[in-house]
Protein chains: 2
Amino acid sequence: MALRRAATELFAAQGVEATSAEQIAERAGVTLRTFYRHFPSKHDVLFADYDSGLQWFRKALAARPAGEPLVASVRAAIFAFPYDVQAITQMAAFRAEQLDPERIVGHLRLVEADLAEAIVEHLEHRLEDAAGRRLDIVVTGRSIAAALFGTMEVWMAADDRSLGDLADLSHATLDALEAGLDEQGMFRHR
Amino acid sequence: MALRRAATELFAAQGVEATSAEQIAERAGVTLRTFYRHFPSKHDVLFADYDSGLQWFRKALAARPAGEPLVASVRAAIFAFPYDVQAITQMAAFRAEQLDPERIVGHLRLVEADLAEAIVEHLEHRLEDAAGRRLDIVVTGRSIAAALFGTMEVWMAADDRSLGDLADLSHATLDALEAGLDEQGMFRHR
DNA sequence: CAAGGTTTTGTCAATCATGACAATATGCCT
DNA sequence: AGGCATATTGTCATGATTGACAAAACCTTG
């Protein structure tokens, strides 16, 4: 979309905050109002691929074999994700102060909430006795998401880590979670 | 504060969304800009007591006996909270459609994040070997917060529950968490 | 091609929110 | 009281965001 390109170019040239939504619209040859019909907010241009990524994750999760333990499924889906180098570069740019940290954290919270919801849905579909266990399911889904994002934020707080390090940390976190859930004999798939 | 009173009155009289920030400022005899110096946003008037509540929780947590298991401390702090009838009434008003559910959820996320942070800080202070366990600590704190708020939202989704029911649900959730953490021998206080 | 319906865009007008700087008020010191 | 230092408020200007409704573009079918 033209708006997307215009925004990306302007952001790169003069920074995100120094670029007004109106400039973007103008450069793309449309009205300001039209810009806001395509993106819920100026900053959402940066996270435009997000929805498709979320869909990808949902499908990957749904495609896991039936008997697999939950945490293993989540792990598999997360690590199979076709990470977009572009997106990662963008994230790196954020860390380099292009963007208010508050905003990044805010966005991460949304992503975390969506991840949690995806896991919850997955469980609702897979568990035989889902109906009577809504609370267990919600708590489990959210805890897993919280643990993963906690891990990511601990990782982000240190400056000298590679993506591989993050993967290692995530694995460790997931292992611990799996042990905890397993002990209670909970959350194996149908 | 006069602003607070003005806002509350107007909100009650004509609803939150139908009240503009300017009206509030005017009724309180100040400028719009001044209103925004006292409240970060129009809706934050509704959550004005929030900070003091958070402080209360932090202190309650810090005051728990040294050897107590983490989950027990969190439980004790939460259930000892001097719940403000006013605030609960307000929450009821929210549920009665005064306010966009999105906004309520957004606020809950902030509260959840703060609760998680409070727990994390508590652990940092109490654990002997906190230095080398940042990841464990963050993951634990966030998981507990996520579980509690997941419980609350499951509760909120049903219309026929009492506050006592919420308390029961929370207890059950905390018990499960405690069992899980205990199994791994983690997170006992110094 | 034309009529009629659907989708997308433009226009207009509010409101929300915030930075910069001037004007004022307030408390405290002598 | 007089006068500075600090905190609070007013003014002005700009940008973000959104609802309502008109106008234009596009599509489908006869």
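Quick caveat, the model's predicted, so the values are computed rather than measured. So you know, we letter chains A, B, ... as the sequences are listed, proteins then strands, and number each from 1. The basis for the numbers below is simple: all heavy atoms, side chains too, and nothing from hydrogens, waters or symmetry mates.
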Atom-pair distance (CD on A:Glu102; P on C:dT18), nearest Å
12 Å

Counting only side-chain N and O atoms of B:Tyr36, is one of them less than 4.0 Å from OP1 or OP2 of C:dA17?
yes

Round to a whole Å and report the spacing from CD of A:Gln23 to C1' of D:dT17.
17 Å

List for me each residue that meets side chain to side chain contact (heavy atoms under 4.5 Å, CB included) alongside A:Ala7, sequence neighbours excluded, and say none if there are none.
A:Phe11, A:Ile24, A:Val45

Please list, by residue number, the residues of residues 37-44 of chain B whose heavy atoms come closer than 4.0 Å to an atom of DNA chain D; answer none if no residue qualifies.
B:Arg37, B:His38

Hey, are the side chains of B:Glu26 and B:Gln23 touching, using non-hydrogen atoms and a 4.5 Å cut-off?
no

Nearest whole Å is fine: how far is D:dA16 C1' from A:Leu32 CG?
8 Å

Whole Å only: how far is the CD atom of B:Glu17 from the P atom of D:dT17?
16 Å

Side-chain donor-acceptor pair under 3.5 Å between A:Asp44 and A:Ser41, yes or no?
yes

Between C1' of D:dT18 and CZ of A:Phe35, the distance in whole Å
14 Å

B:Glu22 CD to D:dC12 P: how many Å, rounded?
13 Å

Charged N to carboxylate O under 4.0 angstrom, B:Arg142 versus B:Glu117?
no

Hey, can you tell me if A:Phe79 and A:His171 have their rings parallel, tilted or perpendicular (30° and 60° cut-offs)?
parallel

Mind checking A:Ser20 for me? I need base, sugar-phosphate or nothing, with any heavy atom below 4.0 Å counting as a touch.
sugar-phosphate

Using atom CZ of B:Arg33 as one end and atom P of D:dT8 as the other, report the distance to the nearest whole Å.
14 Å

Rounded to whole angstrom units, what separation is found between the CZ atom of A:Arg103 and the C1' atom of C:dT18?
12 Å

Looking at B:Arg109 and B:Asp114, is there a salt bridge between them, counting it only when a charged N and a carboxylate O are closer than 4.0 Å?
no

List in chain and number order the residues that pass ring-ring contact (aromatic ring centres under 6.0 Å, His included) with B:His107, two or more places apart in sequence or in another chain; answer none if no residue qualifies.
B:Phe47, B:Tyr50

Are any of B:Thr34's side-chain N or O atoms less than 4.0 Å away from OP1 or OP2 of D:dT9?
no

